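Since we're looking at a predicted model, the values are computed, not measured. All residue numbers in this chain count up from 1 along the given sequence.
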Amino acid sequence: MTFISMLIQHHAGPTGKVLICKNENGKWEFPRGKVKTNETSEQAVERIAWEQFRMVVKCGKMTMIGRNKPDDGYGEHILCGNIRHNTNTKYNYREYYEAIDLWQTEPEKIKYDEYAWVHPTELAEYAFEGDDANFLAKYDPWVNCEQIFDVRMY
């Protein structure tokens, strides 16, 4: 089964804040959902954003993939440049995608009661758990921020 987590930016570029949500355990997480059998992961990103927040997003690149064996819970996160596709159905996959809020609207509180827009360099200040905590241990947002352009200007 494939799960999706999304890094939804309010606007593109190095100053674009990322949407995080508080789950029922009081921990922060990235918006997430499952990929349906009749859709691609990119389509799932756009569907999940609409169902959970009434936001129209454009799916960007996949930044990282994690896989977990259901029997022993072993988790592994792989940066996308190093992915070799594995079709082993005994694994549960979590794919992390970047996305842009096309309308730059505020999310509606449908699934989550609390959310925040956070600059990527401040994500470490929030309490994440599980896959998201493992993801953040490897995710290094915009190492060269000054070289990333704002796509709205082109």
*Looking at residues at least two apart in the chain, or sitting in another chain, which of them share a ring pair (Phe, Tyr, Trp, His ring centres under 6.0 Å) with Tyr97?*
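None.
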*Nearest-0.5 Å distance, CD1 of residue Ile20 to CD of residue Glu29*: 10.0 Å
*asked:* Can you pull out every side chain to side chain donor-acceptor pair (under 3.5 Å) where at least one residue sits in residues 45-59? Sequence neighbours excluded, please.
replied: Glu39-Arg47, Arg47-Glu51
*Any idea which heavy atoms bring Arg94 and Ser5 closest together, and the distance?*
NH1-OG, 3.2 Å
*asked:* For a quick test of reading the model, state the closest non-hydrogen atom pair linking Asn25 to Asn23 and the distance between them.
replied: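 Scanning both residues completely, I find the closest heavy atoms to be N-OD1, 2.9 Å.
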_Show me the pairs that pass salt bridge (charged side-chain N to carboxylate O under 4.0 Å, His left out) and involve residues 6-20, at least two apart or across chains._
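Matches after skipping sequence neighbours: none remain.
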*Tell me the salt bridge (charged side-chain N to carboxylate O under 4.0 Å, His left out) pairs involving residues 106-124, sequence neighbours left out?*
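Every pair satisfying salt bridge (charged side-chain N to carboxylate O under 4.0 Å, His left out) with a residue in residues 106-124: Lys22-Glu114.
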*Indicate yes or no: does Asp132 engage Lys27 in a salt bridge with an N to O separation below 4.0 Å.*
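Answer for the salt bridge query: no.
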*asked:* Tell me which pairs pass ring pair (Phe, Tyr, Trp, His ring centres under 6.0 Å) where either residue lies in residues 21-45, with sequence neighbours left out.
replied: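 Every pair satisfying ring pair (Phe, Tyr, Trp, His ring centres under 6.0 Å) with a residue in residues 21-45: Trp28-Tyr126, Phe30-Phe128, Phe30-Phe135.
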_Contacts of type side-chain hydrogen bond (donor to acceptor under 3.5 Å, both in side chains), residue Ser41, not counting sequence neighbours_ =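 So Ser41 forms a side-chain hydrogen bond (donor to acceptor under 3.5 Å, both in side chains) with Glu95.
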*asked:* Can you confirm whether Pro31 sits close enough to Ile48 that some side-chain heavy atom of one is under 4.5 Å from a side-chain heavy atom of the other?
replied: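 They are not in contact (no side-chain heavy atoms under 4.5 Å apart), so the answer is no.
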*Look at the rings of Trp117 and His10 and say which category their plane angle falls in: under 30° parallel, 30 to 60° tilted, over 60° perpendicular.*
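Perpendicular.
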